[in-house]
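Take a look at the structure below.
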There are 2 protein chains.
Amino acid sequence: MSENEKLTEEKIFEAATIVFEEEGLTGARMQNIADRAGINKSLLHYYFRTKDHLFEAVFTKLAKKMFTKFTPIFEKNLSLEEKIRFFFREHISFMQQNPKLPGFILNEINHNPQRIQKLIKNIEFKNLWVTILEQHKDELYKYNITEETLPQIMTTIASLSVFPFAAKGILEVVFENFGVDFDKYIESRKEFAADFVIKAITK
Amino acid sequence: MSENEKLTEEKIFEAATIVFEEEGLTGARMQNIADRAGINKSLLHYYFRTKDHLFEAVFTKLAKKMFTKFTPIFEKNLSLEEKIRFFFREHISFMQQNPKLPGFILNEINHNPQRIQKLIKNIEFKNLWVTILEQHKDELYKYNITEETLPQIMTTIASLSVFPFAAKGILEVVFENFGVDFDKYIESRKEFAADFVIKAITK
DNA sequence: ATTCGGTTTAACTGAATGGTCAAAAGTATT
DNA sequence: AATACTTTTGACCATTCAGTTAAACCGAAT
């Protein structure tokens, strides 16, 4: 039954997502995934032939989910400052709901960098830069942004948003000693990071 | 012979460091480590009884190496601005020589957060804050730093320094599309990050 | 009711892997 | 040179794990 089939596949996918995020590709066990999905291990191999197939499916979906969160900024009709604020709000909110995603993706890509090539090969980077340049010609001059500093600024923005989640395991423990609550810290980071960047790039 | 013993143990340690950094705890194979060290697999177990022992030894050493790079700032007799510049120069230089370390440590801690507790339990965080407060009382007022914003600023500084290495696998591929060289990017980041932070916190 | 497609299960396989053991090789001590 | 010790090795073991197989199950079409 196709109805049923989608259901099992969905169950497997969800279970695999949890286990892979938690244990990584090498640490994940097919038996563990099967147990979580409430099915037999053979059924895993019936739906996804090998562990690598299953991982590839899960990883691709999650990575796309993550990276597509970066792109809508280029489409919106907002000022640069508004875009920066919009990005931090949206991106951090997304990660609040998927806190293990950043660490998982960073780790798996570091471990196997070829993986990313498939994901971003269909992005036109030249166009992307041209788009920004056209949309914000005047603003780029108003701020300290040149073709030279753009990579620094882009990675800085990504840093401020992603790092707290990638380092969650450390920060939670360190914060405990300072009496800081991680969730509140994250909540206030949406605005702090935006303010910080805007302040830094304003002439 | 103790001379020889140190040598083999050192060889094992170096081999294990490379393999663990590359493959992680779960992905690393004892046979692989033995091969790289040019010794028999049994000898691994003679020096470090189990895989976990060996990992614990390697991880602890690397993590200490990493975290101690954060502390000397608190001892130096420099202005806050000088300290920030000093930190980015030193910390990024250190990671240039150990580019896989950040990703490795972040990942292993996320996977097993208890690990970090052992490492930082002997750091007195209350003292640390008092130290900063006393050393830079006037400066903290001069800049936009309060006890409220300190966690945000500390993690921001860490972000800017660590993230490019934690995301190395992604950035290298993305940069390629922009014609940017990762090593040059890192080199210029030492100054950029310092400028960026100082600009942002200056009233 | 029977056949037929897809689905699910239990039992199994073979390779990989962490770890052990007893013997060999090497070194220091007397 | 004999003894006692540590270091190194190769063969071996038990377990874990991804993946296979053949049979049972189940709902629908004939």
Side-chain angles (χ1 to χ4, degrees), chain A residues 1-62 104 107-109 111-112 114-115 118, chain B residues 1-62 104 107-108 111-112 114-115:
Chain A
M1 187 110 287
S2 189
E3 184 71 5
N4 209 326
E5 189 179 335
K6 261 280 163 284
L7 234 123
T8 347
E9 197 172 323
E10 197 53 41
K11 275 194 317 192
I12 292 175
F13 209 92
E14 279 166 24
T17 300
I18 292 171
V19 175
F20 279 133
E21 270 190 358
E22 206 129 293
E23 314 283 354
L25 168 56
T26 52
R29 298 287 163 252
M30 293 298 264
Q31 187 61 62
N32 189 357
I33 295 172
D35 291 348
R36 264 178 199 264
I39 54 153
N40 192 287
K41 185 164 69 87
S42 315
L43 207 52
L44 274 181
H45 289 96
Y46 177 73
Y47 280 91
F48 301 86
R49 285 218 300 288
T50 65
K51 190 187 184 184
D52 279 327
H53 275 72
L54 179 54
F55 179 81
E56 200 66 33
V58 170
F59 177 81
T60 304
K61 185 173 177 182
L62 293 184
F104 168 68
N107 183 51
E108 295 300 343
I109 289 180
H111 183 266
N112 188 351
Q114 296 105 295
R115 248 187 255 291
K118 264 184 281 176
Chain B
M1 187 107 281
S2 188
E3 184 70 8
N4 207 326
E5 189 179 335
K6 259 279 164 283
L7 235 123
T8 354
E9 197 173 325
E10 198 54 41
K11 273 194 316 192
I12 292 174
F13 208 92
E14 279 166 23
T17 300
I18 292 171
V19 174
F20 279 133
E21 270 191 357
E22 206 127 295
E23 315 283 353
L25 167 56
T26 52
R29 298 286 164 250
M30 293 299 264
Q31 188 61 60
N32 189 357
I33 295 172
D35 291 348
R36 264 178 199 264
I39 55 154
N40 193 289
K41 185 163 69 88
S42 316
L43 207 53
L44 274 182
H45 289 95
Y46 177 73
Y47 279 92
F48 302 85
R49 284 218 300 288
T50 65
K51 189 186 184 185
D52 279 327
H53 275 72
L54 179 53
F55 178 82
E56 199 66 32
V58 170
F59 177 81
T60 304
K61 185 173 178 183
L62 293 184
F104 168 68
N107 183 49
E108 296 299 342
H111 183 267
N112 188 353
Q114 295 106 295
R115 249 187 254 291

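Residue numbers begin at 1 in each chain, while the letters A, B, ... track the order of the sequences. Nothing here was measured: the structure is a model prediction, and the numbers come from that model.
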Any non-hydrogen side-chain atom of His111(A) less than 4.5 Å from a side-chain atom of Glu23(B)?
yes
Lys41(A) has its side chain closest, among dA18(D), dG19(C), dT8(C), to dA18(D)
Regarding the side chain of Asn40(A), the nearest nucleotide among dT6(D), dT9(C), dT9(D) is dT9(C)
Exercise. Verify the contact: side-chain N or O of Tyr47(B) to OP1 or OP2 of dT8(D), cut-off strictly under 4.0 Å; return yes or no.
Key: yes
Ser42(B) has its side chain closest, among dA11(D), dT7(D), dT8(C), to dA11(D)
Q.
Tell me whether the side-chain N or O atoms of Thr8(A) pair up with the base of dT7(C) as donor and acceptor below 3.5 Å, since no angle test is needed here.
A. no
Heavy-atom closest pair (Lys51(A) atom, Leu25(A) atom, distance to 0.1 Å) is NZ-O, 2.9 Å
Does one side chain, of Glu108(A) or Asn112(A), offer a donor that lies under 3.5 Å from an acceptor on the other? no
Heavy-atom nearest pair, Val58(A) first then Phe13(A), reads CA-CZ, 3.7 Å
Whole-Å distance, Leu7(B) CG to dG26(C) P, equals 17 Å
From NE2 of His45(B) across to C1' of dG19(C) the rounded distance in Å is 5 Å
Ranking dT8(C), dT9(D), dT20(D) by distance to the side chain of Ile39(B), first place goes to dT9(D)
Under 4.0 Å between a Lys/Arg side-chain N and an Asp/Glu carboxylate O for Glu56(B) and Arg115(B)? yes
Scanning both residues in full, the closest heavy-atom pair of Met30(B) with Thr50(B) reads CE-C, 4.2 Å
Problem - Any side-chain donor near an acceptor of the partner, Ser42(A) and His45(A), under 3.5 Å - result: no
Sorted by number, residues from residues 49-57 of chain B placing a heavy atom under 4.0 Å from DNA chain C are Thr50(B), Lys51(B)
Please find out if less than 6.0 Å separates the ring center of Phe55(B) from that of Phe20(B). yes
Leu43(A) CG to dA10(C) P, in whole Å, measures 11 Å
Taken to the nearest whole Å, NZ/Lys11(B) to C1'/dT7(D) is 12 Å
What residues 15-35 of chain B contributes to the DNA chain C interface at heavy-atom separation below 4.0 Å is Ala28(B), Arg29(B), Met30(B)
Tyr46(A) OH to dA22(D) P, in whole Å, measures 17 Å
For this session: Test Arg36(B) against Ile33(B) for side-chain contact (heavy atoms from CB on, under 4.5 Å), laying out the working first.
Result: CA-CA 5 Å; Arg36(B) 264 178 199 264; Ile33(B) 295 172; 5.9 Å; no
